Amino acid sequence: MKVDERRVRSLNDRAAGGGPVVYWMSRDQRVNDNWALLYAREKAIERKVPLCVIFNLLKIEGRGNTRQYRFMFNGLKEVEKALAQLNIPFFVLYGKSEEVITTFVKTHQVGEVVVDFNPLLYARQRREATAAALPIRLTEVDAHNIIPCWHASDKEEFAAYTFRPKVHRALPEFLTAFPKLESHPYKSEFKTKPIDWDECLSKLSLEEILNTNFIAGETAAKKQLSTFISSRLDSYHETRNDPTQNGVSGLSPYLHFGQLSAQRVAYEANNAFEHNKDAREAFLEELIVRRELADNYCFYNKQYDQAAGAHAWAQKTMAEHKDDVREYLYTKEQFENAETHDDLWNAMQLQMVEEGKMHGWCRMYWAKKILEWTPDAQAAINIALYLNDKYELDGNDPNGVVGVMWSICGVHDRAWNERPIFGKIRYMNYAGAKRKFDIKAYIDRYGKKNTLFK
DNA sequence: ATCGGCTCGCGCAA
DNA sequence: TGCGCGAAGCCGAT
């Protein structure tokens, strides 16, 4: 099976040469079920040339810490081993991609570079700079979305309900099985040596954050998926919004780092006919429609993390309420240290800091309260994204951006009845949480600070 | 326990 | 041009 051309686009319109093909692995850090790697191999087979994979390391100011990089490197260790078995060399290049990849391409007379897709601006800037610097074609393959982002819709969608029919129309064509990645037949002239991952980590001089219990890598991800489907999918629609139950999939760290393919997850869940139909539909709605809507938003809205990027009605109502008196105001540090007056909010913050993952329902309450307790929406967005991207294993992802923007700025939401501070942005409160689940059990479980806080 | 109103605008039917 | 309905709610009435 060939890779669908609608998944592929050139970033610089330069010709591919006859030399080896390189897959620049970035967002999709896996060997299996990876359309970008499959496409690179397809081109290498056509031209009868070697294939290799590179990973570019670069510390981006204010992003990434030991928690996230350790998880990523543990996944990449598995990638390195699996590729070696398939006669595909793996390299880590340290520095700016437009410089180090261009040098690599010239040294090895590479014919084409293939990269995966990421709509976030800092990732797009690297791809664009590299596309401009390379003497050969830089090809982008959307290996993250089931329906390629630019194919699913050609504009920023207003809400999930405008995106959903487009997704359901295109899905039968794209929700396919994956071909198996076979060993590469053309002998490589690349000289590799085992990667010293500890050295990579120290080179980046990252902020130290406590590790989590999540085990990284493709094998762990597949195990998590099969456990979820066999034991929790059946009741997903009933338990997913209760933070005291283990009802969610727990797959988002793997999906974020691309250690697991969303298409693989959707394919397995869709075919798990032995399980409840409502549960499967609820899960697929979140996995496909809402997850891919997040990529759509970041891809088409250049102000995706700004209050100015929100709907017109939301900006109007925010402006009208900017001078409303806030009963509580906290600094970034007070939020970070879980020092608010709200024991439920503090417990959510502590769950995130300690486990690297906050429950999906809590993320909404948590972000809306930051809006309520800061001077304005932009300050709230900045604090929410700072904390999300620092502590969540699935931080620095379009899903996190949309979660925060939905909560604080009404992105993909509609207007509700007007009230102080929030204006027409949907309001959530402590009483609502109380109605929904056993908040005492939740606070008993997460509300106490452990050794992380001295 | 359940229901309607709140409030905006997209996209489709007509 | 009219109308149905939506990313997870709140509140007060019944």
Side-chain angles (χ1 to χ4, degrees), chain A residues 152-170 235-245 247-249 252 262 278-279 281-298 300-301 304 309-321 324 342 344-345 348 357-372 381 384 388 394 397-439 442:
Chain A
S153 171
D154 59 4
K155 62 170 185 182
E156 181 189 340
E157 291 295 331
F158 186 79
Y161 76 92
T162 62
F163 189 50
R164 189 174 296 114
K166 298 179 185 182
V167 167
H168 285 291
R169 229 176 290 136
S235 56
Y236 182 78
H237 59 310
E238 287 162 350
T239 56
R240 66 178 155 159
N241 279 339
D242 184 342
T244 63
Q245 294 195 52
V248 295
S249 73
S252 68
D278 290 344
E281 280 174 4
F283 178 66
L284 290 170
E285 163 73 13
E286 295 199 7
L287 176 76
I288 306 174
V289 176
R290 299 193 202 168
R291 202 184 42 78
E292 305 208 349
L293 179 60
D295 263 35
N296 168 277
Y297 172 73
C298 292
Y300 289 111
N301 190 328
Y304 58 68
H311 289 153
W313 67 262
Q315 292 195 52
K316 184 163 173 279
T317 196
M318 282 188 280
E320 285 165 2
H321 289 273
D324 289 7
D342 179 335
L344 179 60
W345 192 94
M348 293 171 179
K357 200 164 179 301
M358 192 191 298
H359 188 277
W361 188 88
C362 297
R363 293 187 192 208
M364 299 184 289
Y365 178 90
W366 175 86
K368 284 187 180 289
K369 292 296 130 180
I370 298 177
L371 170 62
E372 196 172 339
I381 293 167
N388 179 79
D394 61 16
D397 190 280
N399 283 288
V401 173
V402 169
V404 164
M405 295 299 283
W406 178 86
S407 303
I408 295 174
C409 293
V411 164
H412 299 149
D413 205 3
R414 61 168 144 158
W416 295 85
N417 54 330
E418 196 159 10
R419 55 179 305 127
I421 305 175
F422 284 79
K424 292 170 183 176
I425 304 291
R426 184 196 298 252
Y427 177 64
M428 286 172 79
N429 65 0
Y430 199 91
K434 225 173 190 168
R435 247 180 273 123
K436 220 170 173 72
F437 64 95
D438 183 353
I439 57 168
Y442 182 81

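So that the names make sense, note that chain A is the first sequence line, chain B the second, and so on, each numbered from 1. The model shown is predicted, which means the values in this text are computed figures rather than measured ones.
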Taking OP1 and OP2 of C:dC10, is either one under 4.0 Å from a side-chain nitrogen or oxygen of A:Lys424?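 Indeed not, no polar side-chain atom of A:Lys424 lies that close.
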
Any side-chain N or O of A:Lys436 less than 4.0 Å from the OP1 or OP2 oxygen of C:dG9?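 Yes, because at least one side-chain N or O of A:Lys436 sits under 4.0 Å from OP1 or OP2 of C:dG9.
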
side-chain contact (heavy atoms from CB on, under 4.5 Å) partners of A:Lys316, counting only residues at least two apart: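 Residues passing side-chain contact (heavy atoms from CB on, under 4.5 Å) with A:Lys316: A:Glu320.
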
Holding to side-chain contact (heavy atoms from CB on, under 4.5 Å), I want the full list of residues that pass it with A:Asp394, two or more places apart in sequence or in another chain.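 For A:Asp394, the residues satisfying side-chain contact (heavy atoms from CB on, under 4.5 Å) (neighbours in sequence not counted) are A:Ser252, A:His256, A:Arg363, A:Glu392.
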
Output the rounded distance in Å from [atom1] ([X]) to [atom2] ([N]).
X: A:Met428; N: C:dC11; atom1: CE; atom2: P; answer: 12 Å
X: A:Glu157; N: C:dA7; atom1: CD; atom2: P; answer: 11 Å
X: A:Arg291; N: C:dA7; atom1: CZ; atom2: P; answer: 17 Å
X: A:Ile421; N: C:dG9; atom1: CD1; atom2: P; answer: 20 Å

Report each atom pair, protein N/O against N/O of nucleotides 1-6 of chain B, whose distance is under 3.5 angstrom.
from, atom 1, to, atom 2, distance (Å)
B:dC6, O2, A:Asn417, OD1, 3.2

Test salt bridge (Lys or Arg N to Asp or Glu O under 4.0 Å) applied to [X] - qualifying residues, sequence neighbours left out:
X: A:Arg419; answer: none
X: A:Arg290; answer: A:Glu285
X: A:Lys166; answer: A:Glu157

Integer angstrom distance from the [atom1] of [N] to that of [M]:
N: B:dA14; M: C:dC5; atom1: P; value: 14 Å
N: C:dA7; M: B:dT2; atom1: C1'; value: 23 Å
N: C:dC10; M: B:dG9; atom1: P; value: 23 Å

Please work out which residues in residues 402-409 of chain A have a non-hydrogen atom less than 4.0 Å from an atom of DNA chain C and list them by number.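 Result for residues 402-409 of chain A: A:Val402, A:Trp406, sorted by number.
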
Quick check on contacts: within residues 160-170 of chain A, what sits under 4.0 Å from DNA chain C by heavy-atom distance?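 Going residue by residue through residues 160-170 of chain A, the ones with a heavy atom under 4.0 Å of DNA chain C turn out to be A:Ala160, A:Tyr161, A:Arg164.
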
How would you list, by chain and number, every residue that makes a side-chain hydrogen bond (donor to acceptor under 3.5 Å, both in side chains) with A:Glu156, sequence neighbours excluded?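 Counting only residues at least two positions away or on another chain, A:Glu156 forms a side-chain hydrogen bond (donor to acceptor under 3.5 Å, both in side chains) with A:Asn301.
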
Apply ring-ring contact (aromatic ring centres under 6.0 Å, His included) to A:Trp361 and list each qualifying residue two or more places apart in sequence or on a separate chain.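 With sequence neighbours excluded, A:Trp361 shows a ring-ring contact (aromatic ring centres under 6.0 Å, His included) to A:Phe437, given in chain and number order.
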
What residues form a ring-ring contact (aromatic ring centres under 6.0 Å, His included) with A:Tyr427, not counting sequence neighbours?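 Once residues adjacent in sequence are excluded, the partners of A:Tyr427 under the ring-ring contact (aromatic ring centres under 6.0 Å, His included) criterion are A:Phe422.
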
Polar side-chain atom of [X] near backbone of [Y] as donor-acceptor pair, under 3.5 Å:
X: A:Asn296; Y: A:Lys155; result: yes
X: A:His412; Y: A:Gly403; result: no
X: A:Thr317; Y: A:Lys424; result: yes

Over 60° means perpendicular and under 30° means parallel, so classify the ring planes of A:Phe283 and A:Tyr236, tilted if in between.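 Ring orientation of A:Tyr236 relative to A:Phe283: perpendicular.
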
Counting the atoms with a prime plus P, OP1 and OP2 as sugar-phosphate, which does A:Asn241 contact under 4.0 Å by heavy atoms, base, sugar-phosphate, or nothing?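 Counting heavy atoms under 4.0 Å across all strands, the contact made by A:Asn241 includes a base.
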
Regarding A:Met364, tell me which of base, sugar-phosphate or nothing describes its non-hydrogen contacts under 4.0 Å with the strands shown.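 It contacts base atoms.
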
DNA chain C base-pair string [pairs: Watson-Crick or G-U under 3.5 Å; |: paired with another strand]: ||||||..||||||

Check the pair A:His321 / A:Glu418 against side chain to side chain donor-acceptor pair (under 3.5 Å), numbers first and verdict last. CA-CA 10 Å; A:His321 289 273; A:Glu418 196 159 10; 2.8 Å; yes

Checking A:Lys369 against A:Tyr365: charged group under 6.0 Å from the ring centre and within 45 degrees of the axis?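 The answer is yes, since A:Lys369 meets both limits relative to A:Tyr365.
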
